[in-house]
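See below for the structure under consideration.
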Amino acid sequence: MRRWCGDLTLNDVGEDVRLLGWVHRIRDHGGLVFVDLRDRSGLVQLVVDRSSLDASTPEVGELKPEYVVEVMGTVRRRPESGVNPKLKTGWIEVAPRSIRVLSRSRPLPIPVADPEAHPDEALRFRYRYLDLRRPEVLAKLVFRHRAAKVIRDFFDEEGFLEVETPMLTRSTPEGARDFLVPARHSPGCFYALPQSPQLFKQILMVGGIEKYFQLARCLRDEDVRADRQVEHTQIDVEMSFATPADVQDVMERLMCRLFAELLDVHLTLPFPRITYDEAMRRYGTDKPDLRIGLELLDLTPACRDCGVRFLEQAASAPDTGVVGLRLPGGAGISRSEYDRLEGRAKELGARGLSWVAWSSSGIRSSFGRHLREEAARTLLGVAGAQMGDAVLLLAGRWPVVRQVMGQLRLKVAALLDLVEEGWRFVWVTDFPLAEFDEETRRYEAMHHPFTAPHPEDRHLLATDVGRVRAWAYDLVLNGVELGSGSVRNHTRSQQEEVFRALGMSVEEQERRFGFLLEALEYGAPPHAGIAIGFDRLLMLMTGSANMREVMAFPKTGTGACLLTGAPSEVEPEQLEELGIRLAPRAIRDPEAGESHRPAPET
RNA sequence: GGAGGCGUAGUGUAGUCGGUUGAACAUACCUGCCUGUCACGCAGGAGAUCGCGGGUUCGAGUCCCGUCGCCUCCGCCA
């Protein structure tokens, strides 16, 4: 019977055990050799007395790191002086009777046994199987598994059905770019990989499933970020006859359960709610980080007669203003730090960044003499600043200055160490249904076009879609958008109304979503749902700086898999079969570099 | 599509206002020694076309141009 290395304890002393695992580290003292043996459960120390090892077993000196071995031996108590309290199994050791090598290993391209090592991420991708052996990497996959188990148990207990939806589906050109898959039986036609199972889960509601969930793979051909991958997993949920409060209640209890079981953290329910408008006004973002106490200030009235021309101008024009942010202890911020903040502000679309600081040596500011002393005092007073504080100011068009200051709020909070510990969930509600896209010069759905309008605003759909609130809600944790959901249009007429308000012609509606509109004519129940980014949630729960850390096989910023070399060119015969000919610009120059393909064996 | 950072033995880094350095250090690797180590220790050894291509120069890891890869950010992400 095989035993796990990491599970052996003093209770096993005297037991004869069979261990299977990898050679983690070897400490060869000549006559006595210590070998740390590792399996999924952890480490145990083998002690080999060269003089007493069975003659039929290979010389222990043959062992190298990452060899796979079978060990038969006896568990024994370590001598008092040999106890290692840093190790879970530090009170015992195994005296092998035999060690059999099951598999050898070449010298390692990246270290496995060094917890301090931080090999280049490209190498970690390429040798992911070695990277996965590192206990800290494995621990995140174990965490992920346990989270998935809690989620499935929870939804099962709540009466939900897990239903799988297709990976080969229909392209819906708005929203994210689709990954396309050529269809052999229909030359010139393509499937799309799902950006989300949105339409299928609504169809499931029409199909009478009533309560659906899925750990759904979603694929979007967009550029990656630290918290975004081309492939990700969503906790996808849809409920018939449900109000937003019903959906929120279920998700709150799920979060509660996950945090309790995995982190022993006990969340307070219900989570606070904030409207989109209020979030934008107070935090300059639709995903406020409530761990930060600072809020944006409207300094427009205080700037009307301050002596600084551009502030006065911004304060008097109709759609511009001055937004401020008090920085507790900000008087100590260096000029170069302000320059960095201003650089960030400009990158985000602001014209510049101003500041007023009040220290024991007086008031100084980025305005020099232009800002009258009295006006400076007024500004500091309105902002509620104390001596030692500073105030940031941004002047310009309203939505822009709020959003930029919202980003600066995050920057300075990190800089001044003003981010409190904890898990601050918040529901953001009453999003606009549509927003004006400057590029296409028309309104587009902010969430997706199946979202129902807020019942109080439905009458505005035809006349003023920009003012219609969506019946939608986002779940935000510590400033990260975990997911969003909404009540859906469940009648054909209401869905058509929304499509029309978004400028979609009847022909287009019919062509792209005819099957949905038709389904809504056959007794579609009212329904609402939500989708939570599973990887993002795990990233936060495990304190990972990057989503790749919680995925077994993540992709690079260009969507490449460095392990397998995907994407790759294909055989001409494959293209021929699909009726596809490459455009000249798509034909790779063999000289141009084989960059992300694994190099041949040397 | 744009901005920035990084790329030097297997790995992680130093060297980067051009030259007296023979490209250094740690670790891993190889050889030897060692019976209580646990990031074992000690002694010795081998290992680098300084990402790739071009250019400037008497001379380039170092400067310039291009290119590839990874990371972060902007755009993008219904």
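Numbered from 1 within each chain, the chains take letters A, B, ... in sequence-line order.
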**OP:** Give the B/S/- string for nucleotides 31-47 of chain B, one per nucleotide from 5' to 3', where a protein heavy atom under 4.0 Å of the base yields B, of only the sugar-phosphate yields S, and otherwise -.
**Re:** ---BBBBBSB-------
Subject >> Protein proximity profile, nucleotides 3-13 of chain B - base contact B, sugar-phosphate-only contact S, no contact -, cut-off 4.0 Å on heavy atoms >> reply: -------SSS-
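A residue-by-residue look at A:D223 and A:K555 shows that A:K555 has its nearest nucleotide of RNA chain B further toward the 5' end. Comparing A:A226 and A:S196 by the nucleotide of RNA chain B whose heavy atom lies nearest to each, the residue mapping closer to the 5' end is A:A226.
Ion pairing between A:D120 and A:R126 fails under the 4.0 Å rule for side-chain N and carboxylate O. Of the charged side-chain nitrogens involved, at least one lies within less than 4.0 Å of a carboxylate oxygen, so that A:E66 and A:R38 count as a salt-bridged pair. By the 4.0 Å N-to-carboxylate-O rule, A:E507 lies too far from A:R511 to be salt-bridged with it. Ionic pairing of A:E337 and A:R344 is not present here: no N-O contact between side-chain nitrogen and carboxylate oxygen is shorter than 4.0 angstrom. Looking at A:R442 and A:E444, a side-chain N of the basic residue comes within less than 4.0 Å of a carboxylate O on the acidic one, giving a salt bridge.
Nucleotides B:G59 and B:G1 place their C1' atoms 40 Å apart, quoted to the nearest Å.
As the counterpart of B:U20, no nucleotide is assigned, since no Watson-Crick or G-U wobble pattern has both distances under 3.5 Å.
Nucleotide B:G69 holds its P atom 15 Å from the CZ atom of A:R126, rounded to whole Å.
A heavy-atom distance below 4.5 Å is not found between the side chains of A:N84 and A:Q45.
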